[in-house]
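Below is one structure, written out as structure tokens, with a few remarks after it.
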Amino acid sequence: MRVSVIVFPGSNCDRDVAVSLKKFSNKSPLMIWHKETSLPDSDLIVLPGGFSYGDYLRCGSMAANSPIMKEVKKSAEKGSSILGICNGFQILTESGLLPGTLIRNQGLSFICKNTSLRVENDKSFFTHNYNKNEIVNIPIAHNEGNYFADENVIKDIEDKNLVAFRYCNKNGDINEETNPNGSLKNIAGIINEKGNVLGMMPHPERATDDITGLNDGEKFFTSIIESIK
Amino acid sequence: MKSLVKIMPKKGVLDPQGKAIENSLKQLGFPQIKKVKQGKIIEIEIDADNESDAREIITNASNKLLANLVIEDYEITFLKED
Amino acid sequence: MIKIDKELIEEHGINDQEYEFILSSLKREPTITELGIFSAMWSEHCSYKSSKTWLKKLPTKNNKVIQGPGENAGVIDLGDGDAAVFKMESHNHPSFIEPYQGAATGVGGIMRDVFTMGARPVALLNSIRFGDTDHPKTKHLLTGVVSGIGGYGNCMGVPTVGGEVEFNSCYNDNILVNAMCVGIAKIDKIFYSKASGIGNSVVYVGSKTGRDGIHGATMASAEFDDDSDEKRPTVQVGDPFAEKLLLEACLELMTMDIIIAIQDMGAAGLTSSAVEMASKGGVGINLNLDMVPCREKKMSAYEIMLSESQERMLMIIEPDKEQEAKAVFDKWGLDFATIGILTDTNHLVINHNDELKAEIRLDILESGAPSYDRPYKIIKESAFDESLVKETAESPINILKRLINSPNLCSRKWVWEQYDHMVMNDTILRPGGDAAIVRVHGTNKGLAISTDSTPRYCSADPVEGGKQAVAESWRNITSVGALPIAITDCMNFGNPEKEEIMGQFAGVVTGMIEACEILDYPVVSGNVSLYNETNGKGINPTPAIGGIGLIENLNHFSTPHLKRDNDTVLLVGKTDGYLGQSIYAKEILNIISGLPPKVNLKNEKKIGDTIRDLININKLDTVHDISDGGFLVALTEMSISGGIGVKIHLDEKDVSPKFLFGEDQGRYIISVPDELISDILRILELKNIFFQKIGKTSGTKIIINDSEEIEIKSLKKIHEDWFNEYLKG
């Protein structure tokens, strides 16, 4: 199993996701500096959370133009799986690997809290250990997590079952009240059509340690690791 | 009447966003670009009898809310009506 | 040449006596650059001239202290070669002028103090205080400060795990923003600021120097007046992205055995870092300002020396290691410039544009710094007039509802949800409890951290207030099962040239000394902010205490939230029902006079030590200390956070505001499961600790003596609504 975590200037969840990956795979991922112009063969490439380039201009916009992203795109085309969490999701939309964009939270402020998510797609590379409609508790921490795309894109995503997670409450209700940031259709994470790229705003790596009271991210990482094997 | 308020970091005040964009552009292969500053533009539609009245109102609004005078300057321009 | 006249000297905050000393030491008139340097180094902020005679008396040592006050931050031993590095600092005046940037750069500055010592910052806390909620500036200042703190800390990827927020009219025109940072380092990899090695290079790293905050250090020590708006352009803008790069670059370099000494450029920028580093090492320092990376053209020596541009560090390294070091900073895209050399002259020598701009013997700046033994008078309120407490027909639950929906007792969730409090994945106990718990990464040890102060107590009785601030911190750390180790203090006071204000300072320090000694809880770092007044009106004396404790084994700790039905709830510690300076007296009775509750430190220690043993030895898992608002408010917080109700049974005489809302000190509420109750009762009796049974946990309501009840859900809503309602309007 070969996993690479890309480190951009301003990434700050790179260590956290590496710790979670190691916990479930017993192997430390490679940490790849954004200025690298080549990428080792990888089964999984992770774009971690954080504030790449300070989130200046638009979140993820400058990271999407980093030298390493050319290589990430090539790997994606060749079939490597790509996971973008939080800022990583923003980088994926900015670089065109996923459709839509993430705009400022409806409430106009940064939100850090636990959220309930409903698993929408339980067949993917990243989520197959969950059950469809399972409610999982995974925290968010972002200022620009409000998923937006035009109607056609949304229709396409939904028709093809490409929504991975939606924000909900403990009962799985999906409505305005259970939407923390204004995302269209409560979308928290999406997958590309090929099924090898997933972007999500919530942080599964923050839900992998019993002592913190959150462990619903475990099935996420075990799904990925089993898929690679 | 339509007006644009251009708000920019004051001369001499650190502009972290501009600085990061500038470095990024250099890395992307635009060595000719020497300096980047980032501000914002606010478009305003206003009811007023003439431009000078409108300017007074918008100046007032800019001082009170639109610009953070501690770190920003602003400039008001009027758009030609179609 | 700029003429040095009386007005200019005054503008630099240097008095006649101090100027005489400068003339006689230099044996000539100072240059403008030199005057600026004297002014910065001798400002209250850098020299502690009014406070140092008192600060010297604070206990600063115990068997865990590695480094006490005098360095960039304090250091304590956590065992296994790990150390915690921590400090709290104020950024009050800049935050009043530009709340977002002021608070952001405050957070940035305190993080640099910690990582300059080789520690990775792992937790931020902040103690913030605003004016009355209906004061016209309060909302703007509150929202600006909170988003500034979040903006900087979130971007850095360091969790903000706790803090306090208070509203009081005494802060109307002088808010307080005190930021604390805790870092973790290896004991054998701690870096200090003492320069050494004649001929070694003085290296500047980080962001470029602009005309930011010139005179900032002087501004931070000058009383505000109605013209202070004119001082606006001096506010610094923070760049957390640059600081994140600086952090990673410094920590990377620190693994390479290159740095001899390092200090951040904080207040008074290059001046204070150069002077302090050289003075500590007993060496001279020559600087060539032509080499300083500048953001703007034509900056003068005066401006470069006094600029407070953020995200910069000064280091001493051996000349032959410059290339190796530079490569690290190049990688992170940061400036790296050799700007000077250490000498054996004991002088600070500054050249710019081929001209000598300053030449000052360092001992004049440091040891020649003024120190004042200012006259003081400790004034306290007269005794609380019990007769003012009238019988009330209002039901306890109704009063409770009003109290938990009041600005100083409502939930702070609106604030801390804007801070990333989980990044780094080691936050074990999040904000909202007594102390936050942060795991030492890769170990099973935890740090318990909190910030505390009760300024209204300090104002009413400085000595008792000083004791209480330290005792409350100790109690909060104890409540989670940690052993309190040491504190950092941020002392916010008014104008020390006034006897009664100096008396507040002297009184609070006196109280703190007693508490630190008895509780073995020394001060290892801190900061003093004086002249916190507007148009002559002082703030309440506010010693913000940042406390740290250690949990040796995270397999067991305690939290405030109720966990099970059918636990026995005990109130540990004696309740006399003292209402002086309580929130009940202020919010419900409108009485703000009278003495605060007394702190019995010996008793405090006995009860706290016992509670800690109950947690660690007997595996008690639910504890909350009682502070603002008293017993019923504390119990309600436990209920709300756990989502479990309590059936309270009290003697009828105790169903009174005095018992329910009195703020007697040294008390805890514990919730004990059946299997532990007999052991715990036996231990409390054995130790002769007063306790009373309050009731049983059950259901989803708080019920008092089977007659009054309320759903926890509705209490939760009332508790959490205040901020939303306030900011909506």
Are more than 12 heavy atoms, taken from residues, nucleotides or ligands other than B:E56, located less than 6.0 Å from that residue's CD atom?
no
Counting only N and O atoms by type, is there a donor-acceptor contact under 3.5 Å from the side chain of C:R295 to the main-chain atoms of B:G12?
yes
Nearest-0.5 Å distance, CZ of residue C:F241 to CG of residue B:N23
8.0 Å
Of the non-hydrogen atoms in C:G238 and B:P16, which two are nearest, and what is the gap between them?
O-CG, 3.6 Å
Looking at B:K6, I'd like to know if its NZ atom is crowded, meaning that more than 12 non-hydrogen atoms belonging to other residues, nucleotides or ligands lie closer than 6.0 Å.
no
Could you state the interatomic distance from OG1 (C:T105) to CG (B:L14), rounded to the nearest 0.5 Å?
11.0 Å
Is the count of non-hydrogen atoms from other residues, nucleotides or ligands lying under 6.0 Å from C:K357 atom NZ greater than 12?
yes
Other residues, nucleotides and ligands only: do more than 12 of their heavy atoms fall within 6.0 Å of NZ on B:K40?
no
In terms of heavy-atom proximity below 4.5 Å to chain C, should B:K11 be classed as side chain, backbone, both, or neither?
neither
Does atom CE of C:M291 have more than 12 heavy-atom neighbours, drawn from other residues, nucleotides or ligands, at distances under 6.0 Å?
no
B:I71 and C:V237, any side-chain heavy atoms less than 4.5 Å apart:
yes
